[in-house]
Amino acid sequence: MFARTATAALRQAARRQGAIAARAFSTSSSQTARSLGARFGTAAAAAAIATAGYTIYSAQTPIQADNALPVYGAPGTSKERTFIAVKPDGVQRNLVGEIISRFERRGYKLVGLKLLVPPVELAKEHYADLSSKPFFAGLVDYMTNGRAPVVGMVWEGPSVIKQGRIMLGATDPKNSGTGTIRGDFCLSIGRNIVHGSDSAESAEKEISLWFGGKGEVVNWTSNNEEWVISEN
Ligand SMILES: Nc1ncnc2c1ncn2[C@@H]1O[C@H](COP(=O)(O)OP(=O)(O)OP(=O)(O)O)[C@@H](O)[C@H]1O
């Protein structure tokens, strides 16, 4: 679907510029998208498909450029960031919208979002601290076997690392309180539907690992920020 969207954007840009008659843009490869963008000029280059997990990079100027801010944000400030993932069981169970909605309604800002089947090496690196556990192989397979993708997200806001973990609930749903995501939707530790960074160090590692590509995290200003974040 993303490939079709990008292709449509390229077609539209080409028509606007009166550049080249419409052609059959049937491919979705990033290389082709980029070369089409180059051929059709700046406007068409606004849509290009990258190889990693159907991420779409916009060539338009970011809404608010903040080049000094690393992708993992600034822990301890209102620009603190955490990595939250909806695991394959959460995607299968149609809980992506519910989970996004909880973070949005709390007031946190979505600054990174992607849908992907993670490569085995990525999952192994993500869970490297669990590599000696008996469930490690099963955990990596469940995350990477492609029976459903993972939705990776970066959320930003004050105390989002700690509060994100509270919103998720205890790792084992048997111990998760009602009102938490796991407490409301899960029964088993092997199918606990979400992941959240557990410290500033984890957030830095995980955001860099999952969203390290150029432009994958977007700095932007929410119009209602002053209504959500203030010490008066
Ligand atoms: N005993 C277990 N049996 C099966 N799977 C487990 C077990 N313990 C942990 N897991 C899986 O490994 C994941 C990572 O475990 P960890 O101890 O790091 O907890 P967590 O940080 O709360 O979880 P996550 O990293 O997914 O947010 C768990 O979310 C769960 O999916």
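Small disclaimer: the values here were computed from a predicted structure and weren't measured. Just follow the structure's listing: the first ligand is 1, and inside any ligand the first atom is 1.
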Residues in side-chain contact (heavy atoms from CB on, under 4.5 Å) contact with D141, at least two apart in sequence or another chain: N145

Set of residues that line ligand 1, where lining means a heavy atom lies under 4.0 Å from it: K87, Y127, L130, F135, L139, R165, T171, R182, I189, N192, V194, H195, G196

Just by distance, do the side chain of [X] and the backbone of [Y] share a donor-acceptor pair under 3.5 Å?
X    : Y    : answer
R182 : N175 : no
S208 : E204 : yes
S230 : N232 : yes

Listed pairs under 3.5 Å, donor-acceptor, residues 150-174 side chains, sequence neighbours left out:
residue, atom, partner, partner atom, Å
E156, OE1, R81, NE, 2.8
E156, OE1, R81, NH2, 2.8
E156, OE2, K109, NZ, 3.3
Q163, OE1, R106, NH1, 3.3
Q163, OE1, R106, NH2, 3.2
R165, NH1, G196, O, 2.9
D172, OD1, K174, N, 3.0

Donor-acceptor pairs under 3.5 angstrom involving side-chain atoms of residues 116-133: please list them, not counting sequence neighbours.
residue, atom, partner, partner atom, Å
H126, ND1, W210, NE1, 3.1
Y127, OH, K87, NZ, 3.4
S131, OG, A128, O, 3.1

